[in-house]
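Read through the structure below, which is laid out as structure tokens, and then see the notes.
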2 protein chains.
Amino acid sequence: MVTGKISILLVDDHAIVREGYRALLKKQPDLEVIAEAIDGNQAYQQYKLHTPDVTIMDLSLPGQSGVETIARIKQRNPRAKILVFTMHQNPRFAAQAINAGALGYVTKSSPPEVLLNAIHDVYSGRRTLSPDIAQALALEKTGHETAALESLTSREFEILRLLAEGKSKEEIAQTLSISAKTVSNCYYLVKSKIGVNSDIGLVHWAIKMRLIDIYRLK
Amino acid sequence: MVTGKISILLVDDHAIVREGYRALLKKQPDLEVIAEAIDGNQAYQQYKLHTPDVTIMDLSLPGQSGVETIARIKQRNPRAKILVFTMHQNPRFAAQAINAGALGYVTKSSPPEVLLNAIHDVYSGRRTLSPDIAQALALEKTGHETAALESLTSREFEILRLLAEGKSKEEIAQTLSISAKTVSNCYYLVKSKIGVNSDIGLVHWAIKMRLIDIYRLK
DNA sequence: GCTTTGTCGGGCAAATTGCCCGTTGATCTC
DNA sequence: GAGATCAACGGGCAATTTGCCCGACAAAGC
């Protein structure tokens with residue numbers, strides 16, 4: 001950048017949050033917000049247009065999800081530096097975002113300094129997690145219910161999530177291009193692995209494990 | 001107030017959002033933030049201390065929920081003017097908040113002017129809803145979801161709740177001293193009445209309708 | 001009176017589950 | 001590089017559950 005400042009693309013659908021960003025970042029002489037977006041598509045377009053040094057992104061966006069948007073941006077530019085800034089304290093969300101290519105993950109309940117530090121970390125290519133998420137991820141490893149979760153293969157996990165979200169086995173079979181029978185078998189394995197014996201138990205488990213966001217259903 | 005300004009208590013657990021509020025409200029000569037709180041308890045204490053003209057409150061707070069906090073404040077001072085400002089676009093949340101005593105409900109995706117207008121409305125004792133919520137509530141009245149809920153008989157309702165909580169049909173049959181077959185038939189009727197065709201859909205529906213409290217399960 | 005409505009259950013074909021199996025291909029190991 | 005392991009896939013089939021029908025009975029409404 002000619003200015004020597006770190007250029008930032010902000011992605012958040014809440015006006016008040018963008019207002020907060022501007023107020024906060026304006027005080028920082030080395031940071032400059034060069035563009036904003038309110039959903040995943042806009043974010044991608046703005047990214048293409050400006051190629052900012054750092055993209056700060058919320059995960060709950062209207063339409064295309066934050067995780068999908070991260071993946072899209074990373075596909076275009078694998079060196080894109082993306083910092084997730086979200087209200088979700090669920091370590092699974094963090095894991096998903098990082099897998100999709102985010103370099104950092106900070107929760108909105110963090111103090112402003114944590115965000116500012118994270119921006120600099122991410123700009124320098126360093127991975128960064130806010131303390132609450134780091135702790136949650138560490139604690140999650142020790143819980144016994146998560147033992148079950150980790151025994152699931154990625155395919156099982158995927159199918160479990162789709163089922164818990166309410167997709168039918170046929171829909172899943174179609175979207176994944178596999179037979180309904182495989183979905184059914186996989187479902188059976190998942191239920192025995194997580195120790196439930198009904199669809200309803202499965203949904204409860206998925207909710208307790210925060211695999212699905214019940215407020216975003218339909 | 002001696003200042004002649006509208007005094008405001010801000011309740012939100014996200015630092016960036018409070019930052020946004022300050023930046024936004026600072027531009028308004030007639031509004032003044034006199035206190036902030038990051039959870040329900042603090043909100044109540046600050047309310048007692050300052051008795052602000054208007055309390056702006058998020059619903060998702062750590063610990064005690066926003067709705068409970070509203071009720072507590074209203075219990076102390078029934079004339080308290082509370083404006084809910086939250087990300088939740090679910091009209092059921094709005095209905096709950098209003099029942100608890102909130103005077104207004106604005107979503108965080110609303111433009112800043114909507115929030116500012118709402119503050120003035122609430123200060124003047126007028127009920128106010130952001131357009132998206134007003135529309136959703138209006139639609140909900142006519143929507144067949146609540147119609148379905150009201151078409152259920154008390155027995156069906158009871159069985160639906162037990163099922164959604166994860167009880168098996170045999171357990172329900174035993175506790176209600178009826179045959180499992182009757183539970184099954186009832187279940188069938190309920191599903192057709194509420195318009196779902198799977199156990200999972202039923203749980204989702206029950207959650208959306210707040211029939212069960214998922215965080216209180218086991 | 002008579003009709004409606006809620007609760008209760010039987011019956012039975014169709015669909016689904018529970019649990020087994022084998023095949024493939026990738027990765028790991030010795 | 002031969003052999004073991006394991007994820008992903010899907011077939012088979014008995015046992016269960018479902019979807020959707022039916023009728024019985026009692027209470028409430030006109």
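Numbers restart at 1 for each chain; the letters A, B, ... are given by sequence-line order, proteins then strands.
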Legend entry - Closest heavy-atom pair and its distance - A/Ala43, A/Thr69: CB-CG2, 4.0 Å
Inset, instruction - To the nearest 10°, let me know how far the axis at one end of the helix from C/dG1-D/dC30 to C/dC30-D/dG1 is tilted from the axis at the other, five pairs an end. - result: 30°
Legend entry - Nucleotide C/dG6, atom C1' - distance to CD of B/Glu158 in whole Å: 13 Å
Legend entry - Under-4.0 Å salt bridge between B/Arg161 and B/Glu165: yes
Inset, instruction - With sequence neighbours excluded, give me every salt bridge (charged side-chain N to carboxylate O under 4.0 Å, His left out) pair touching residues 173-184 of chain B. - result: none
Legend entry - For atom CD1 of A/Ile172 and atom P of D/dG10, their distance in whole Å: 14 Å
Inset, instruction - Heavy atoms under 4.0 Å is the rule here; annotate nucleotides 13-26 of chain D 5' to 3' with B where the base is hit, S where only the sugar-phosphate is, and - elsewhere. - result: B----SBBB-----
Inset, instruction - Output all residues satisfying side chain to side chain donor-acceptor pair (under 3.5 Å) with B/Glu158, sequence neighbours left out; order by chain, then residue number. - result: B/Arg155
Legend entry - Non-neighbouring partners of B/Ser198 that pass side chain to side chain donor-acceptor pair (under 3.5 Å), sequence neighbours left out: none
Legend entry - Nearest-Å distance for atom pair CZ/P, residues A/Phe157 and D/dA7: 16 Å
Inset, instruction - Classify the nucleic acid contact of B/Thr182 as base, sugar-phosphate or nothing, counting any heavy atom under 4.0 Å across all strands shown. - result: base
Legend entry - Considering all heavy atoms, the nearest A/Ala15-B/Ser110 contact: CB-O, 3.8 Å
Legend entry - B/Gln75 CD: over 12 foreign heavy atoms closer than 6.0 Å: no
Inset, instruction - Please list all pairs passing the salt bridge (charged side-chain N to carboxylate O under 4.0 Å, His left out) test where one or both residues lie in residues 99-126 of chain A, with sequence neighbours left out. - result: A/Asp12-A/Lys108, A/Asp58-A/Lys108, A/Asp121-A/Arg126
Legend entry - Protein-nucleotide distance (A/Ile178, atom CD1; C/dT24, atom C1'), rounded to Å: 15 Å
Legend entry - A/Ile200 CD1 to C/dT17 P, straight-line distance once rounded to whole Å: 13 Å
